[in-house]
There are 2 protein chains.
Amino acid sequence: MDERQVGSLSFSIDFSQPLYEQILTQMRSLIARGTIGLGEKIPSVREMAHELKINPNTVMHAYQELERDGLTEKRRGQGTFATTSMMKIKQFKERFALEYAQDFLENMHSLGFNLNEIHTYLTRLSQEKGHRKND
Amino acid sequence: MDERQVGSLSFSIDFSQPLYEQILTQMRSLIARGTIGLGEKIPSVREMAHELKINPNTVMHAYQELERDGLTEKRRGQGTFATTSMMKIKQFKERFALEYAQDFLENMHSLGFNLNEIHTYLTRLSQEKGHRKND
DNA sequence: CAAGCGTATTATATCATATGATACACTTGA
DNA sequence: TCAAGTGTATCATATGATATAATACGCTTG
């Protein structure tokens, strides 16, 4: 694992996943959580590539996905910016939360757990971790 | 999507995932849920390959993972059998349930949801689906 | 108009995935 | 005994995703 700063942002890069997916996931989180504010400029393709020591094409790949997610808006000659639409971020979060929850339910179901057991399991796990700070 | 019978078992194969992963996931589920009983013989590598119209090597790949999971035992010259150990199945289920739950919590967390919101979300979703039969 | 943007193209390399063919060692039942 | 059915191993080959590298174009701003 490798922790790198790009401007005020921190990215952790390893080899467990495709590089563009790691950038994508972490940028999504930064925007969804509001660490990057509405309309705020995000690092340019070249800057990201240089700071993370990876190829600009790889960063491009991630940035194009962000655009499809509705989380960013690109302005030619200026750069890439977080969306100014709170609604788009809300929609993104709803969409992915739904997907994550469905996948989770489906996975647990395929192991033979029913809804009661799934709830019990998640409650137990989240209580174990529950003494961490709220955020 | 393509639904195929292998002996008394049904497999659905598409191109959304690697073939060996689809076999692996579905075999895991069949054993974890008890559709395939303790010590029961599972289809041979060649039979699976023939019925699913895929390469034996691809089936082998999946079967070797099942072995590592502790869900099957191979007997040279005889075939592959579901484990006779209820304990191993229980351990498998615990391990994956933990992994699925942790991934889910982490994913939701990265979207900015806190534990309360996660629970609310999952409850809402499982209630929507809740009128399906228990199984 | 230079510097910094996103974008496009072409080439190359590696790895995971999948297929195909063949062969070997083992077990069972006829 | 031996044929048939097992798991296993080893080649070769093909494709797609991932990543790098180099280069160039069009747009925007100071």
Side-chain angles (χ1 to χ4, degrees), chain A residues 2 4 6-7 9 11-27 31 36 39-84, chain B residues 2 4 6-7 9 11-27 31 36 39-84:
Chain A
D2 194 16
R4 297 208 155 269
V6 182
L9 306 174
F11 294 85
S12 59
I13 303 295
D14 54 38
F15 291 93
S16 66
Q17 278 184 319
L19 292 176
Y20 85 92
E21 272 188 23
Q22 299 184 49
I23 296 167
L24 178 57
T25 301
Q26 293 177 52
M27 284 296 315
I31 297 175
I36 296 176
E40 191 174 324
K41 188 176 186 305
I42 71 175
S44 76
V45 171
R46 286 174 179 83
E47 185 185 0
M48 280 287 279
H50 183 259
E51 295 299 321
L52 299 181
K53 302 185 196 306
I54 62 178
N55 196 279
N57 295 348
T58 304
V59 179
M60 263 297 287
H61 192 166
Y63 276 26
Q64 283 171 341
E65 280 293 329
L66 283 175
E67 188 84 2
R68 267 178 243 128
D69 290 336
L71 292 180
T72 59
E73 294 164 7
K74 292 169 181 170
R75 303 182 205 146
R76 222 190 168 108
Q78 298 185 50
T80 304
F81 301 80
T83 179
T84 56
Chain B
D2 194 16
R4 297 208 155 267
V6 182
L9 306 174
F11 294 86
S12 59
I13 303 294
D14 54 37
F15 292 95
S16 65
Q17 278 183 320
L19 292 176
Y20 85 92
E21 272 188 24
Q22 298 183 51
I23 296 167
L24 178 57
T25 301
Q26 292 175 54
M27 284 298 312
I31 297 175
I36 297 177
E40 190 172 324
K41 188 175 186 306
I42 71 175
S44 76
V45 171
R46 286 175 178 82
E47 185 185 0
M48 279 288 279
H50 183 258
E51 294 299 322
L52 300 181
K53 302 183 196 307
I54 62 180
N55 196 278
N57 295 348
T58 304
V59 179
M60 265 296 287
H61 192 166
Y63 277 25
Q64 284 171 340
E65 280 291 329
L66 284 176
E67 189 83 1
R68 266 176 243 130
D69 290 337
L71 292 180
T72 59
E73 295 164 7
K74 293 169 182 173
R75 301 181 208 146
R76 221 190 169 107
Q78 299 185 48
T80 305
F81 301 80
T83 179
T84 56

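Chain letters run A, B, ... following the sequence lines, proteins first, then strands; residues in each count from 1.
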Residues forming a side-chain hydrogen bond (donor to acceptor under 3.5 Å, both in side chains) with A:Ser44, sequence neighbours excluded: none
Atom-pair distance (NE2 on B:His50; P on D:dA4), nearest Å: 16 Å
Contact pattern, 5' to 3', of nucleotides 14-30 of chain C - B, S or - by protein heavy atom under 4.0 Å: ---SSBBB-B-BBBS--
Between D:dT29 (P) and A:Lys74 (NZ): distance, integer Å: 18 Å
Salt bridge (charged side-chain N to carboxylate O under 4.0 Å, His left out) partners for B:Arg76, two or more places apart: none
Presence of B:Ser44 side-chain N/O under 4.0 Å of D:dG5 phosphate oxygens OP1/OP2: no
Residues that A:Arg75 engages under salt bridge (charged side-chain N to carboxylate O under 4.0 Å, His left out), provided they are two or more places apart: none
Rounded distance (Å) that lies between atom C1' of D:dG5 and atom CZ of B:Phe81: 12 Å
Spacing between A:Lys41 atom NZ and D:dT29 atom C1', to the nearest angstrom: 12 Å
Separation of D:dT8 C1' from B:Gln64 CD (nearest whole Å): 8 Å
Atom-pair distance (CG on A:Leu52; P on D:dA19), nearest Å: 12 Å
A:Glu51 (side chain) donor-acceptor with A:Arg4 (main chain) under 3.5 angstrom: no
Presence of B:Thr80 side-chain N/O under 4.0 Å of D:dT6 phosphate oxygens OP1/OP2: no
Distance, rounded to the nearest Å, where B:Met60 contributes CE and D:dT10 contributes C1': 12 Å
Length of the line joining A:Glu67:CD and C:dA8:P, which is rounded to integer Å: 11 Å
Partner set under side-chain hydrogen bond (donor to acceptor under 3.5 Å, both in side chains) for B:Glu21, not counting sequence neighbours: none
May I have the list of side-chain donor-acceptor pairs in residues 54-66 of chain A shorter than 3.5 Å, sequence neighbours left out?
| from | atom 1 | to | atom 2 | distance (Å) |
| --- | --- | --- | --- | --- |
| A:Asn55 | OD1 | A:Asn57 | N | 2.9 |
| A:Tyr63 | OH | A:Pro43 | O | 2.7 |
| A:Glu65 | OE2 | A:Arg68 | NH1 | 2.3 |

